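Read the structure below first, then the notes.
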Amino acid sequence: MNRQYRVLIVLAFLYPGMIHAAPAANVKSSVNRIDNSAKVREQLILPYAFSTDTMGVNLGVGAMLSGYYQDQMTLGLTGFTGDVSSGIGGGVWNFMLPKTDRFF
C-alpha cells in the first residue's frame, strides 16, 4: 500500500468530520434579527488558583457584572491571596460618561 493511502486512512480515523465536511450546494441561510429592548444583565463568579516560583500557591476569585448601570458597561473585580502574596484588582469597561453620546 502506498504511503499516501496510509496517511489518508490514518487521517480519516483521527478526523472523521473531514470526510463529510463539504457544505450542501443548495442551502441558503438568513438571519432575522429582532431588537430586544429588555435589559440583559450578566454576572460571573470564577474561582481560580495559580502558582509561581516567587509568589507560591495562590487562590483567588474573580467577578464580572454587565448591564447593571448602563447596558454596555462591565464591572470586573478580582482578589487573590497566598502564603507570601495577596492582591486585588478591578476595572470598568465601556462606561459612557454622563451627558455625552459617544464618549466612553
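What you see is a predicted model; the values in this text were computed from it and never measured.
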Can you name the closest pair of heavy atoms from [X] and [Y] and give their distance?
X	Y	value
S85	M55	OG-CE, 3.5 Å
S86	T81	CB-OG1, 3.7 Å
L97	T100	O-OG1, 2.5 Å

With hydrophobic residues grouped by side-chain heavy-atom distances under 4.5 Å, do [X] and [Y] end up in a single group?
X	Y	result
Y48	L44	no
I45	F50	no
Y69	F103	yes

[atom1] of [X] to [atom2] of [Y]: how many Å apart, nearest 0.5 Å?
X	Y	atom1	atom2	answer
L59	F80	CG	CZ	11.0 Å
R41	L65	CZ	CG	10.0 Å
E42	M64	CD	CE	5.5 Å

Is there a donor-acceptor contact under 3.5 Å from the side chain of T78 to the main chain of V61? yes
When you measure from the side chain of Q72 to the backbone N and O of N94, does any donor-acceptor pair fall under 3.5 Å? yes
With a cut-off of 6.0 Å (strictly less than), are more than 12 heavy atoms of other residues, nucleotides or ligands near CD1 of I88? no
Would you indicate whether the side-chain heavy atoms of F95 and Q70 approach each other to under 4.5 Å? yes
